[in-house]
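The structure appears below as structure tokens.
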Amino acid sequence: MATLTFYGHSCFLMEADGKRAIIDPFLSGNKASGADPNSIEVDAVLVTHAHGDHLGDAVAIAKRTGATVVAVHEIAQYCKQQGVAEAFGMNLGGAHDFEFGRVKLTIAHHSSGIVGPDGVMALGVPCGFLLTMGGVTLYHSGDTALSAEMELIGKLHEIDAAALCCGDTFTMGLEDSIIAAKMIGAKLNIPMHFATFPAIQDTGQEFVDRLADDGLRGRVMRAGETIELP
Ligand code: NI
Ligand code: MN
């Protein structure tokens with residue numbers, strides 16, 4: 001058993017067996033997150049890619065709590081340069097067992113970089129995560145286009161909950177996210193990356209309603225809401 005808390009946009013905190021992992025902690029930059037980055041206590045910070053609405057407060061949280069940053073190699077190295085003590089670099093298709101749980105990096109079709117004083121710095125490739133804690137597996141798509149790989153992710157893994165981006169413009173929109181949900185076949189589908197900015201559509205409820213028409217379970221989580229999985 002595990003619990004899952006949503007902190008707006010693409011940020012989720014999973015907890016099981018007294019361990020806590022947060023994904024894409026975009027908190028101080030998102031007034032609707034429902035969380036204070038200065039009081040979040042976690043063992044791990046997982047980052048799907050380097051864009052500000054995902055890397056967010058990852059460095060600050062890891063430095064304050066001593067949590068391990070888990071990300072693609074280049075982001076892990078970047079976080080170390082920023083003063084994070086423990087950063088574990090991985091890459092696509094690889095899995096690793098940590099004390100808090102098991103993490104597998106999945107393919108995401110997107111970009112990953114930050115703009116600094118020297119121009120744009122590419123930080124490896126973006127990813128999604130399969131995070132297993134307390135025997136429960138969450139698939140977090142990261143920012144991604146719809147892709148054929150999702151069929152394989154669903155085929156090879158028993159997924160209890162899937163957090164899927166659906167706001168369009170930068171990621172899958174409504175129609176593509178519904179196709180993704182069907183390919184992945186999770187027991188519960190949670191929309192993310194919608195309505196946070198004017199550029200991304202408010203598609204969360206429609207995503208859930210459309211899945212329900214096809215007999216699939218979905219749920220729009222409110223920021224700060226916690227649910228039990230499975
Ligand atoms: Ni992005
Ligand atoms: Mn994003």
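Reckoned from all heavy atoms, side chains included, excluding hydrogens, waters and symmetry mates. Both counts, for ligands and for their atoms, begin at 1 and track the order of listing.
Residue D160 forms a side-chain contact (heavy atoms from CB on, under 4.5 Å) with just one option from L138, V136, L4, and that option is V136.
Using a 3.5 Å distance cut-off with no hydrogens or angles, the side chains of D143 and H193 do pair a donor with an acceptor. Residues H49 and D24 bring no donor and acceptor atom of their side chains to less than 3.5 Å of each other.
Within the 2.8 Å limit, D53 places no N, O or S atom next to the Ni ion (ligand 1).
The Ni ion (ligand 1) lies closest to atom OD2 when only the N/O/S atoms of D143 are considered. For H51, the N/O/S atom at the shortest distance from the Ni ion (ligand 1) is named ND1.
The Ni ion (ligand 1) lies at the vertex of an angle of 100° between the NE2 atom of H49 and the NE2 atom of H110 (rounded to 10°).
A salt bridge links K19 with E99: at least one charged nitrogen is closer than 4.0 Å to a carboxylate oxygen.
The 12-atom threshold is exceeded at CD of Q77, counting heavy atoms of other residues, nucleotides or ligands nearer than 6.0 Å.
Within the sub-2.8 Å shell of the Mn ion (ligand 2), the protein contributes these N/O/S atoms: D53 OD2, H54 NE2, D143 OD2, H193 NE2.
Aromatic pair F26/Y7: centroids not less than 6.0 angstrom apart.
With hydrogens and angles disregarded, a donor-acceptor distance shorter than 3.5 Å links the side chain of R20 to the backbone of E41.
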Full working for ring-ring contact (aromatic ring centres under 6.0 Å, His included) between F197 and H9: CA-CA 9 Å; F197 320 115; H9 200 51; 5.1 Å; yes
